[in-house]
Enquirer: 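Sharing a structure here in structure tokens format.
Proteins get letters first, then strands, A, B, ... in listed order; numbering begins at 1 in each.
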Amino acid sequence: MPEGNEIHRWAEMHAGMFAGRKVRVDSPQGRFTDAAALDGRVLKGVRAVGKHLGYDFGRTGIVHVHMGLYGDFSEGRQPMPEPRGALRMRLWDKRHWLELRGPTDCSLWSEEEWQTLLARLGPDPLNGDEPAKMIERIGKRRTAIGALLMDQSIVSGLGNIYRAELLFRAGVSPFRAGAEVEAKKLEGIWKDACALMPDGMVDRRIVTTRPKDRPHGKGEAMDEEVHYVYRRTGRPCLLCGKKVETQVMAGRNLFWCPGCQAE
DNA sequence: TAGAAATGTTTAG
DNA sequence: TAAACCTTTCTAT
């Protein structure tokens, strides 16, 4: 499900619910084998970098959570619902509960392991980082910019929706080599990400269209167009009317407008 | 009921 | 480059 914006949102929300509190932890599904070691301990805080979350239990360690494609949280006020489906981890206290399903990873890490993770990630637009390293790394590569934006060691937190939509908004073809994209353009893409990502969600969907570009005025279709190109294959571009195209790049479906993003 | 797809990453070949 | 892995949800038969 998530790209970096939702990861950071979860970190803030879960810290608000549980930071500084003694929490209960279990794993109804049984696959999070370190749950018992954390049960009854104090959650000190929740970290977020790129698409990674870290639930900090101090000397006991850090629960590293990576959502992969399908991972999802649900949370709420007590009473906690009965376990349903494949429930990897639950965390709760007297007031709140949260459930984690389907993550690629949910395991207890040391501080050292967390630092190793930080070392291999590129700058994160949601962590107040500077774009210099991203621009430098992209400038050295012949690889297509559409693939480079998905590489977490170049820039962290972007996923398939943001790669398509940021490139569209910048008017850059995803097929252009990294080295052929001007540094000014890259800086603009970074700034756009910093502006878009913090409050990029409506109804659990990422929204990247500017209000003036959304068709409106008639009935239900209002506000339906939340993306310019993502998953709009064969439909007319909201700006130029040409048909949106799709092709697999970096193992994922890439979407672009051949008019607005000419090579 | 089966199958495909989904905002992702790692490992193998 | 391809396959494997995690799980739910929506569509087609």
Enquirer: In whole angstrom, what separates A/Glu3's CD from B/dA6's C1'?
Expert: 12 Å
Enquirer: Taking only the side-chain heavy atoms of A/Ala86 (C-beta and beyond), determine which of C/dT8, B/dG8, B/dT10 contains the nearest atom.
Expert: C/dT8
Enquirer: What's the gap between C/dT13 and B/dA5 when it is taken at their P atoms, as a whole Å value?
Expert: 13 Å
Enquirer: Charged N to carboxylate O under 4.0 angstrom, A/Glu6 versus A/Arg9?
Expert: yes
Enquirer: So does A/Asp56 pair up with A/Arg47, basic N to acidic O under 4.0 Å?
Expert: yes
Enquirer: Would you kindly give the NE2-to-C1' distance between A/His64 and B/dT9, to the nearest whole Å?
Expert: 11 Å
Enquirer: Can you tell me the distance, in whole Å, between the CG atom of A/Leu69 and the P atom of C/dA4?
Expert: 16 Å
Enquirer: How many Å lie between CG on A/Leu117 and P on B/dG8, as a whole number?
Expert: 16 Å
Enquirer: Is the count of non-hydrogen atoms from other residues, nucleotides or ligands lying under 6.0 Å from A/Gln78 atom CD greater than 12?
Expert: yes
Enquirer: Listed in order of residue number, which residues of residues 96-108 of chain A have a non-hydrogen atom at under 4.0 Å from DNA chain C?
Expert: A/Arg101, A/Gly102, A/Thr104
Enquirer: Any side-chain N or O of A/Arg231 less than 4.0 Å from the OP1 or OP2 oxygen of B/dA6?
Expert: yes
Enquirer: Are more than 12 heavy atoms, taken from residues, nucleotides or ligands other than A/Glu82, located less than 6.0 Å from that residue's CD atom?
Expert: no
Enquirer: Within this structure, what is the CZ-to-C1' distance between A/Arg252 and C/dA3, rounded to whole angstrom?
Expert: 15 Å
Enquirer: Charged N to carboxylate O under 4.0 angstrom, A/Glu99 versus A/Arg101?
Expert: yes
Enquirer: Would you please classify the geometry between the A/Phe168 ring and the A/Tyr228 ring as parallel, tilted or perpendicular, with 30° and 60° separating the classes?
Expert: parallel
Enquirer: Give a yes/no on whether any side-chain N or O of A/Arg120 is located under 4.0 angstrom from OP1 or OP2 of B/dT9.
Expert: no
Enquirer: Tell me whether the OP1 or OP2 atom of C/dT7 has a side-chain N or O from A/Arg84 closer than 4.0 Å.
Expert: no
Enquirer: On a whole-Å scale, what distance lies between the P atoms belonging to B/dT10 and C/dT8?
Expert: 23 Å
Enquirer: Would you find more than 12 non-hydrogen atoms of other residues, nucleotides or ligands less than 6.0 Å from A/Glu12 atom CD?
Expert: no
Enquirer: Does OP1 or OP2 of B/dA5 have a side-chain N or O of A/Asn253 closer than 4.0 Å?
Expert: no
Enquirer: With rounding to the nearest 0.5 Å, note down the distance linking OH in A/Tyr55 to NE2 in A/His64.
Expert: 11.0 Å
Enquirer: Is any side-chain N of the basic residue among A/Glu182 and A/Arg176 closer than 4.0 Å to the acidic one's carboxylate O?
Expert: yes
Enquirer: Let me know the distance between CZ of A/Phe32 and C1' of C/dT7, rounded to the nearest Å.
Expert: 18 Å
Enquirer: Can you sort out which residues in residues 148-166 of chain A have a heavy atom within less than 4.0 Å of DNA chain B? Ascending by number, please.
Expert: A/Gln152, A/Gly159, A/Asn160, A/Ile161
Enquirer: Without decimals, in angstroms, what is the distance between A/Arg88 CZ and C/dT8 P?
Expert: 10 Å
Enquirer: If I take atom NE2 in residue A/His52 and atom C1' in nucleotide B/dT9, what distance separates them, rounded to the nearest angstrom?
Expert: 8 Å
Enquirer: Using ring-ring contact (aromatic ring centres under 6.0 Å, His included) as the criterion, list what pairs up with A/Trp92, not counting sequence neighbours.
Expert: none
